[in-house]
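Keep in mind that the numbers below use all heavy atoms, side chains included, and drop hydrogens, waters and symmetry copies. Per chain, numbering begins at 1; letters A, B, ... match sequence-line order.
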Amino acid sequence: MPSFSHKDNAVLRTGAVAGQLVRAIWAGAMVLLLLQVMPALAQETAKGAEAYRAFPLFGSRLAVWGIAQIHLNFAAFILGVPIFAVIVEIMGMRTKDPRYDWLAHQFVKLVFAAFSTTALLGGLLLFLLIGYYPKFFSYLTGIFYSTMWIYAALFFLETFTVYLWYYGWDWLSGSRKWIHLGLGILANLFGTAILLISNAWVTFMMSPRGVDEAGKLTSLWQAINNYTWMPINIHRILANIVFGGTIAAAYAAFRFLSAKTHEERALYDWMGYIGNFVAISSLLVLPFAGYYLGREIYSFNQTMGITMMGGFMSWLWVLQAILIGVLFIGSNYYLWLGMERIPGAERYRKYIPYLIMVLAAGFMVWATPRSMVVTLQESRAMGGTHHPVLGFLGVMSAKNTAVNLMILTTFLSFLLYRRANRISVKPWAGMGMAAQWVIFGLAAVIVTFYGVYGYFVESIVRIGFSVYQVMAVLGAIVLVMTIDIPMFKGARSTGTIRWGQIPPRSQYVLILLAVTFTWLMGLMGFARSGIRQHWHVYGVMRDTSVDAVTPALGYAANVITTVTAIFFAMVFFIFWLGSLGEKGKHPHGMGPATAGSSEDRR
Amino acid sequence: MQVPVTLKVSAFALFVMGVYTYYANSIPQLQSKPPEELSLEGGNVTPDQLVKAGEEIFKGKGTCEICHRIGQKGTRAPDLAGVGARAAKSKPGMSAKAYLIESLLSPAAHLVQGYPAIMPKVDKPPIALNRSEVWALTAFLESLGGTVTVKLDDIPKTAGAAPAGGAAPAAELKLPGDPKAGQAVFMGKGACIACHKAGPIGASPVGPDLTQIGKIQTPDYIMAKILDPASMGTVAGYPPGLMPRTFGQTLTAKEYLDVVSFLLTQKGEGPAAKK
């Protein structure tokens with residue numbers, strides 16, 4: 001038997017490596033070639049492909065709708081919760097409170113369990129699109145094929161980073177915690193990049209760009225960077241944080257209600273508060289992102305914008321207003337209930353009726369429809385399609401004003417909660433508080449001024465006013481907090497927070513917020529998709545299938561409710577799986593003191 | 001007996017969603033239906049029929065009512081009451097119909113003072129009216145205080161030239177059928193010639209002249225019209241329900257594709273254009 005020296009082995013290894021390298025280069029070249037050829041191939045295929053196939057029993061559209069919505073809910077969950085977890089991990093690093101780190105770890109564990117479900121649903125959605133909308137999907141592939149490779153690569157990168165983030169939790173602790181946090185941030189960056197790519201596909205369908213009149217690709221970058229891409233990106237990132245926060249809070253609420261001991265209740269009360277805090281922080285900015293999106297839709301196509309706001313979808317915005325009203329009022333109510341467990345908060349109780357009044361008035365204005373379909377009798381009784389008095393509240397000027405004042409009010413509630421058991425010892429506290437009230441007042445005046453002025457200008461100018469209103473509110477939030485943080489640094493405490501001593505109805509409020517927000521996501525998905533009406537790609541590729549009719553709101557609501565119920569059932573199952581490992585353990589493993597231990601760490 | 005938390009939370013979540021669903025179902029239910037294609041070319045259309053067809057386009061496919069009102073001042077677009085009379089005086093030396101047609105096809109050309117330039121070209125996607133529809137819509141607008149004088153020839157031949165949907169995949173559809181074999185089916189087994197004319201073939205006035213059908217209609221429309229004529233509406237000026245629904249059973253798949261391919265080659269000058 002011939003023997004080989006180390007040198008021979010080295011030569012053989014070198015040869016093998018060279019062979020592998022050649023094969024790898026060859027494979028890479030083939031992939032590159034495919035990347036070059038496939039888009040053209042797909043566009044060719046699109047011309048001759050069968051346009052539609054029928055999904056058995058309930059049709060192709062419903063099948064795609066249902067799976068897409070559940071997939072999107074899970075995708076929002078696995079993208080939103082890591083953002084939430086990183087924020088909580090940073091809070092843990094800053095405060096040195098081990099509970100934050102425990103909480104972040106808990107949620108990454110849940111994301112971990114949801115990852116495979118999201119991928120499976122994504123695969124199923126892909127099969128449905130290829131199988132039942134082959135011509136449309138071939139066309140879309142022809143436009144975006146190269147981005148699909150990047151999407152797949154990013155998915156791998158995100159998955160492995162999350163694996164490392166989760167399994168390296170204890171390994172990368174102590175002095176290496178920064179590396180661990182870096183992994184969390186990196187996972188979120190990969191996740192956000194995935195979101196941006198899939199948003200390009202969806203928004204292209206809504207506001208196509210980068211194609212000629214015949215629908216042929218002229219610029220991939222323009223197709224990606226279409227009118228609604230960036231607004232949707234911002235809107236979805238913020239909405240994902242709200243979603244992650246509300247789901248986290250709902251999970252905590254469920255655990256609170258199921259808790260057997262006071263310690264458990266205290267822990268999950270705190271956890272619910274943190275989840276809700278993160279959700280509200282992002283929710284406050286979300287309407288602004290919505291207006292930015294609306295403005296871009298009008299810029300892309302006035303007809304589409306007008307159809308969306310005043311056409312067959314006009315009633316949808318009334319329903320949306322109700323849902324957002326529930327979110328705002330629910331969030332405030334939760335904060336007010338939470339103040340009951342804070343000694344010293346009684347002094348702020350007198351403000352609550354006024355806050356309720358502003359919120360209720362804002363809610364009513366926002367829920368006032370402007371254009372709607374009415375019967376002849378109703379129209380006669382009202383003197384037209386618009387109510388003679390209330391009709392004026394149904395326009396964007398009034399609604400923008402209402403929502404901005406509601407946001408300011410919610411921020412004020414948060415501010416009162418924040419200082420509930422603290423008394424500033426700074427000598428300039430009186431002046432600081434006066435300055436804060438002036439800032440609040442100025443913001444309210446600016447918002448109201450542009451709201452009224454908006455009635456006297458053209459719609460395109462009016463839409464621009466919303467930017468000034470938004471800037472006034474955001475500016476006020478930043479300035480007030482800039483004063484508030486140093487003002488209450490080292491403040492005198494009036495007592496510790498009695499975590500766990502909150503009425504159980506507060507936990508149902510958290511569940512209400514999670515359900516409402518998830519339902520709202522479904523509704524907004526219907527609105528975004530529905531305004532394309534009988535177009536797969538608006539103005540470019542027409543929907544000629546039997547499902548080209550855009551359904552009414554009732555039908556959409558039935559679908560949204562069914563899908564949301566299925567989603568929550570699946571999430572419940574995943575949470576249950578996640579809790580199996582905890583059976584017989586201490587509720588939070590590490591056992592830090594909870595009740596009343598964090599009065600200065602809110 | 002204590003109700004389990006899981007049950008209470010589930011019931012609560014379902015109740016909340018139930019309330020939203022009930023509300024959504026209790027308000028007016030509006031669907032957005034895809035517009036039907038209207039073809040008037042080759043048809044014997046009276047001015048009244050034309051105006052009626054135009055009014056339907058105004059309220060439906062044209063989506064004009066989103067911004068325009070008749071007899072009511074709008075904030076986005078001018079009141080169209082009396083526009084038929086006004087249009088004749090809007091531009092010296094320009095007839096009412098010419099003004100209206102140009103306003104529909106190039107809205108920026110005649111922007112009414114005080115209103116933003118937001119009107120889309122009606123013959124381009126997403127509205128994408130075809131030439132017949134632009135004709136009918138112009139007639140309807142003329143009828144608002146004026147006299148209907150517009151003819152199909154007044155509408156530029158380029159108007160609505162792109163098929164509805166405009167996308168390359170739909171526009172460049174190549175069917176595997178044989179037009180020559182399709183002509184034979186048209187004249188023979190299909191007996192289409194009994195009612196329709198297609199270029200030099202046939203002369204029957206029972207159904208619409210199909211000489212231009214390949215130019216003015218999409219393949220999807222032609223295919224659907226043969227299999228289920230009622231689903232695609234009836235060409236104005238012709239009695240509904242006359243075309244049989246049996247071609248799906250009597251023609252073979254090859255014959256069907258051949259006929260469609262033959263009709264897609266019919267892009268000649270129609271009788272209206274020849275006048």
Side-chain angles (χ1 to χ4, degrees), chain A residues 43 46-49 135 138-139 213-216 254 257-258 301-304 306-307 310-312 315 318-319 322-323 372-374 458-460 508 511-512 515-516 519 530 533-535 537-544 548-558 560-561 564-565 568 572, chain B residues 4-6 8-10 12-35 63 65-67 69 72 75-76 114-120 124-128 162-176 218-221 224:
Chain A
Q43 287 203 17
K47 292 172 192 168
K135 193 168 157 184
S138 287
Y139 176 67
E213 278 198 9
K216 284 189 176 169
F254 179 77
L257 294 168
S258 315
N301 189 306
Q302 290 271 342
T303 311
M304 181 187 251
I306 295 163
T307 303
F312 84 102
W315 269 102
V318 178
L319 183 57
I322 290 170
L323 296 171
M372 61 168 76
V373 173
V374 289
E458 286 174 15
S459 60
I460 196 78
Y508 282 98
I511 291 163
L512 170 76
V515 171
T516 303
W519 209 90
Q533 295 174 282
H534 53 280
W535 296 91
V537 180
Y538 192 73
V540 174
M541 189 178 205
R542 196 163 166 170
D543 181 354
T544 53
V549 176
T550 310
L553 199 52
Y555 177 88
N558 298 343
I560 293 164
T561 294
T564 307
F568 273 107
F572 185 81
Chain B
V5 172
T6 311
K8 281 198 279 190
V9 168
S10 304
F12 176 71
L14 286 172
F15 171 75
V16 171
M17 288 189 282
V19 170
Y20 299 149
T21 311
Y22 172 77
Y23 180 76
N25 277 282
S26 62
I27 56 183
Q29 299 298 304
L30 299 171
Q31 286 186 335
S32 168
K33 290 181 181 167
T63 64
E65 274 195 325
I66 288 178
C67 297
R69 294 280 184 276
Q72 191 184 333
T75 52
R76 289 191 288 262
Y115 290 100
I118 59 171
M119 181 166 156
K124 301 291 177 208
I127 297 175
E172 296 177 12
L173 182 70
K174 295 273 190 295
L175 289 172
T218 61
D220 289 342
Y221 171 88

Part of B:Ser26 within contact of chain A (heavy atom distance under 4.5 Å): neither

A:Trp535 side chain near B:Pro125 side chain, heavy-atom distance below 4.5 Å: yes

Heavy-atom proximity to chain B below 4.5 Å, by part of A:Asp543: neither

Side-chain heavy atoms of A:Thr561 within contact of B:Tyr20, under 4.5 Å: no

Proximal component of A:Phe254, with respect to chain B [non-hydrogen, under 4.5 Å]: both

Exceeds 12 heavy-atom contacts within 6.0 angstrom, atom OH of B:Tyr22: no

Pairwise side-chain contact, B:Val9 with A:Ile511, heavy-atom cut-off 4.5 Å (strictly under): yes

Side-chain heavy-atom pair A:Tyr508, B:Lys8 within 4.5 angstrom cut-off: yes

Sub-4.5 Å side-chain heavy-atom contact between B:Pro34 and A:Val549: yes

A:Ile560, part contacting chain B, at a heavy-atom distance under 4.5 Å: neither

Max heavy-atom pair count under 4.5 Å with chain A, selected residue of B:Thr63, B:Ile27, B:Val16: B:Ile27

Verdict with supporting geometry, B:Tyr23 and A:Val318, side chain to side chain contact (heavy atoms under 4.5 Å, CB included): CA-CA 10 Å; B:Tyr23 180 76; A:Val318 178; 3.4 Å; yes

Chain B contact via A:Thr544 - side chain, backbone, both or neither, heavy atoms under 4.5 Å: side chain

Most contacts with chain B, counted as non-hydrogen pairs under 4.5 angstrom, among A:Gly554, A:Ala548, A:Ala557: A:Gly554

Straight-line distance of B:Lys33 NZ to A:Thr550 OG1, nearest 0.5 Å: 11.5 Å

Side chain / backbone / both / neither for A:Tyr555 at chain B, heavy atoms under 4.5 Å: backbone

Contact leader toward chain A among B:Pro120, B:Ser10, B:Ala24, B:Ser32, where contacts are heavy-atom pairs under 4.5 Å: B:Ser32

Shortest non-hydrogen contact from B:Gln29 toward A:Ala552: OE1-CB, 3.4 Å

Per-residue contact mode, B:Thr21 against chain A (heavy atom under 4.5 angstrom): both

